[in-house]
Amino acid sequence: MDPRQGLRLLLPAGAVDRDRPRRPGQGRGRPRDHLHGRRRAAPGRPHQPAALRRPHAGLLHLAGHDAAARRRGAHRHPGRRRPDQPRPAGRVLDRGPGLAGQRRQRCRHRLHRGRRPVTAPVRTRFCPSPTGTVHVGLLRTALFNWAHARHTGGSLVLRIEDTDAARDSEESYRHLLDSLRWLGLDWDEGPEVGGPHGPYRQSQRHDVYREVAAKLAAAGHAYESFSTNEEVEARRLAAGQDPKLGYDNADRFLTDAQRAAFRAEGREPVLRLRMPDSDLAWTDLVRGEVRFAVGSVPDFVIVRGNGAPLYPFVNPVDDALMGITDVLRGEDLLPSTPRQLALYAALQDVGVAAGPPRFGHLPYVTGEGSKKLSKRDPQSNVDVYRERGFLPEGFANYLALLGWSIAEDRDVFSMAEMAEAFDVTRVSANPARFDLKKAEAINATHLRELPVEEFVERAVPFLAGAGLVADPPTPEQDRVLRAIAPLAQERSVVLSDVVGLLGFLFVEEVQIDPAAAAKNLRPEDGEVLDAAADALRDLDDWSTAGIEQALKAALVEGLGRKPRQAFGPVRVAVSGRTVSPPLYESIELLGPERTLARLAAARGAAG
RNA sequence: GCCCCCAUCGUCUAGCGGUCCAGGACGCCGCCCUUUCAAGGCGGUAGCACGGGUUCGAACCCCGUUGGGGGCACCA
């Protein structure tokens with residue numbers, strides 16, 4: 001016999017299912033009756049499809065519900081026909097009473113926006129854990145939370161989940177904040193900003209968790225569990241079940257005597273949350289209805305044997321305490337949502353939470369292939385892009401495209417434009433591949449749109465980092481930089497490109513790229529270098545136009561070479577590369593001395 | 001194994017039952033411009049996974065199949 005069946009009778013129903021007065025707008029459906037169900041919790045099996053309770057029928061929930069129902073194609077308006085097709089048992093969603101009335105005004109379709117009733121202001125949060133490098137997927141999540149908050153006029157809370165002392169570091173923490181700010185994200189509450197719900201680092205909130213855990217235990221929502229993993233596995237095996245099913249809720253109804261006996265053995269219990277005896281479902285902001293059957297999620301550990309609270313516990317607790325209304329997070333957390341919902345119900349019951357938040361599970365960012373971009377993958381490290389000289393606005397723009405689009409025929413936009421247009425219910429549910437080429441193209445567009453002075457300003461650190469100019473540049477360097485900048489700007493994809501492109505202007509002797517030499521400094525090119533040197537040596541008008549005229553006369557007309565054959569060797573001699581800014585301008589800026597010296601040096605190399 | 005998510009050009013997406021022999025962007029390929037490379041301009045290539053159903057009509061709604069991904073900790 002299933003131990004749970006008999007034991008359940010022993011539980012005082014009131015211990016869990018208190019019929020508390022509810023806040024307006026909540027508890028719209030039937031009372032939540034976690035443990036009143038008479039059904040057997042057959043894992044993964046459909047069951048009693050009828051009138052589901054809506055355990056989480058907060059106001060906010062309904063708003064989200066409708067928005068996402070639309071995504072699923074269920075965009076029906078009052079008066080329009082609803083295709084009430086028969087659905088198989090177990091998949092039926094009873095939307096509960098009162099919903100139609102609610103939906104009427106809640107449509108957030110572009111055309112219907114603005115008629116939305118005022119609801120509680122949106123509060124989103126971003127809660128990274130400072131362990132090592134910053135992942136592009138993480139930053140994308142932060143960006144979407146930011147955009148959602150800004151778009152709705154709500155606020156963004158930053159909370160640091162540093163409960164893992166072994167992996168967290170102060171350095172990672174600093175770096176994380178720095179990366180967020182680099183991208184252009186700001187938060188309304190959190191570290192270094194403060195706010196009424198602090199502290200915002202979980203390492204400083206242990207007392208809070210202890211207190212909440214005690215409340216949950218006192219109310220019967222959580223209970224002490226003594227089973228070891230080995231014992232659970234043994235029981236599963238003995239029952240002919242897959243041990244992967246996990247904990248079997250065996251300790252749910254231990255008597256005081258049993259508990260005492262376990263303690264006498266020296267066992268330290270963990271605290272587990274009692275999962276409700278009903279399906280757990282929610283309407284995801286990006287995916288629509290998601291449902292987990294009763295029994296598919298076992299009672300989970302919220303506090304370790306040593307008293308340390310665990311992530312699945314502290315995360316919702318803090319969300320509740322901080323008044324978070326919208327949780328936008330990675331798809332990887334989707335399977336843990338039923339637990340969060342159950343926890344929320346319990347928290348609500350003990351007066352800690354006002355109601356569950358809306359959830360939106362953002363699609364994965366994948367790398368090559370279709371696997372989730374791993375933290376180990378160098379491509380996932382945001383620093384790489386930053387160091388290469390991606391513009392924050394360009395990178396943010398690209399990140400936004402990973403799952404969202406601003407319009408049918410546009411994909412270049414600013415952060416402000418994103419905030420203006422962002423609608424989380426229009427985020428795609430598909431995983432998105434990180435495409436470096438496209439990221440570069442988007443960035444290049446932003447780069448070119450920069451005012452020249454700003455381009456120079458942003459490029460200087462890269463030039464200085466390569467030891468090419470002083471920071472700030474000397475007046476002479478500044479003069480050269482300003483003159484060449486427009487030509488470099490339209491040839492750059494990322495800021496660091498200027499190092500290779502302009503380096504030759506800031507060194508005394510140029511390093512000639514061997515491949516370039518092989519191609520353009522052959523023995524037969526010697527005459528070109530000689531002629532160019534002769535033409536430039538006596539040039540009075542050292543200007544772009546003067547240089548152009550002199551070189552054309554000497555090389556094209558004088559030697560009868562085609563432009564390509566004429567200017568290639570000169571370019572390599574002067575810049576060291578086959579690719580450079582326009583030649584005449586480059587020579588002008590380089591000046592007669594260095595130009596002639598390089599032509600002579602290249603003459604030697606050409607043989 | 002169980003549970004969940006996903007499915008439109010190579011890639012990211014638009015598409016919300018007729019306006020779609022499917023639109024944009026990146027990439028790729030041509031051409032133009034040109035002292036190189038870019039940029040820019042013009043043009044091209046390429047896609048609704050499959051099978052049922054609902055409907056006068058389906059890329060769009062429903063079911064299934066197949067394929068891909070993720071989660072199943074006293075880690076976050």
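The basis for the numbers below is simple: all heavy atoms, side chains too, and nothing from hydrogens, waters or symmetry mates. To find a chain, count down the sequence lines: A is the first, B the second, and so on, and within it residues start at 1.
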| query | Is the gap between the ring centers of A:F422 and A:W404 under 6.0 Å? | reply | yes
| message | Tell me whether the side-chain N/O atoms of A:T163 come closer than 4.0 Å to OP1 or OP2 in B:A76. | response | yes
| query | Using purine N1 to pyrimidine N3 plus N6-O4 or O6-N4 for Watson-Crick, or N1-O2 and O6-N3 for G-U wobble, both under 3.5 Å, which nucleotide pairs with B:A7? | reply | B:U66
| request: Nearest 0.5 Å please: distance from the CD atom of A:Q379 over to the OG1 atom of A:T366. | output: 9.5 Å
| query | Taking the same atom, C1', in B:C9 and in B:U55, what whole-Å distance lies between them? | reply | 29 Å
| query | Is there side-chain contact between A:F300 and A:S336, with at least one heavy-atom pair below 4.5 Å? | reply | no
| remark: Once base and sugar-phosphate atoms are separated, protein heavy atoms under 4.0 Å mark nucleotides 26-34 of chain B, 5' to 3', with B, S and - as SS-------
| said: Just N and O in the side chain of A:R448: are any of them under 4.0 Å from OP1 or OP2 of B:A38? | reply: no
| query | NA contact type, A:S370, heavy-atom cut-off 4.0 Å: base, sugar-phosphate, or nothing? | reply | sugar-phosphate
| said: Say we look at B:A49 and B:G44: how far apart would their P atoms be, to the nearest angstrom? | reply: 25 Å
| field | Separation between the P atoms of B:G27 and B:G40, rounded to whole Å | value | 10 Å
| remark: Whichever of A:E268 and A:Y398 has the more 5' nearest nucleotide on RNA chain B, that residue is A:Y398
| What interatomic distance, in whole Å, is found between P of B:C2 and the corresponding atom of B:C21? | 43 Å
| note | pair_partner(B:C72), Watson-Crick or wobble, both distances < 3.5 Å, evaluates to B:G1
| task | Assign A:P298 to base, sugar-phosphate, or nothing according to its heavy-atom contacts below 4.0 angstrom with the strands shown. | result | nothing
| query | Does A:K372 have a side-chain nitrogen or oxygen under 4.0 Å from the phosphate oxygens OP1 or OP2 of B:G71? | reply | yes
| request: Name every residue in residues 497-505 of chain A that has at least one heavy atom under 4.0 Å from any atom of RNA chain B, in order of residue number, or write none if there are no such residues. | output: none
| request: Would you confirm whether the ring centroid of A:Y398 sits within less than 6.0 angstrom of the ring centroid of A:Y385? | output: no
| request: To the nearest Å, give me how far apart CG (A:L280) and P (B:C4) are. | output: 12 Å
| A:T131-A:D168 side chain donor-acceptor pair, cut-off 3.5 Å | no
| request: Would you indicate, yes or no, if B:G69 has its OP1 or OP2 atom less than 4.0 angstrom from a side-chain nitrogen or oxygen of A:K371? | output: yes
| Rounded C1' spacing from B:C28 to B:U45 in Å | 8 Å
| query | Between B:U8, B:C4, B:C75, which one does the side chain of A:L310 approach most closely? | reply | B:C75
| Quick one, which residues of residues 552-569 of chain A touch RNA chain B with a heavy atom under 4.0 Å? | A:P563, A:R564, A:F567
| remark: Between A:S405 and A:V579, the residue closer to the 5' end of RNA chain B by nearest nucleotide is A:S405
| field | Selected nucleotide, minimal atom distance to A:Y364 side chain, candidates B:A76, B:G40, B:G69 | value | B:G69
| remark: As its Watson-Crick or G-U partner within any shown strand, both distances under 3.5 Å, B:A38 has none
| task | Would you tell me whether A:Y200 and A:D318 have side-chain atoms, one donor and one acceptor, within less than 3.5 Å of each other? | result | no
| query | With a 3.5 Å cut-off and just heavy-atom distances, do the side chain of A:R491 and the base of B:C37 make a donor-acceptor pair? | reply | yes
| message | With a 3.5 Å limit on both atom pairs, tell me what B:C21 is paired to, counting Watson-Crick and G-U wobble, or say none. | response | none
| Between B:A25 and B:G64, how far is it from one P atom to the other, in whole Å? | 38 Å
| said: Between B:A39 and B:C32, how many Å separate the two C1' atoms, rounded to a whole number? | reply: 14 Å
| Atom C1', compared across B:G43 and B:G51: separation rounded to whole Å | 39 Å
| Can you find a donor-acceptor N/O pair under 3.5 angstrom joining the side chain of A:R433 to the base of B:U11? | no
| request: State whether a side-chain donor-acceptor pair under 3.5 Å links A:S543 with A:E588. | output: no
| query | According to a strict under-4.0 Å criterion, is A:N430 in side-chain N/O contact with OP1 or OP2 of B:C6? | reply | no
| Out of B:C16, B:G71, B:U35, whichever nucleotide has its closest atom nearest the side chain of A:R426 | B:C16
| task | Would you mind checking if A:R236 and A:E230 are paired as a salt bridge, meaning a charged N to carboxylate O distance below 4.0 Å? | result | no
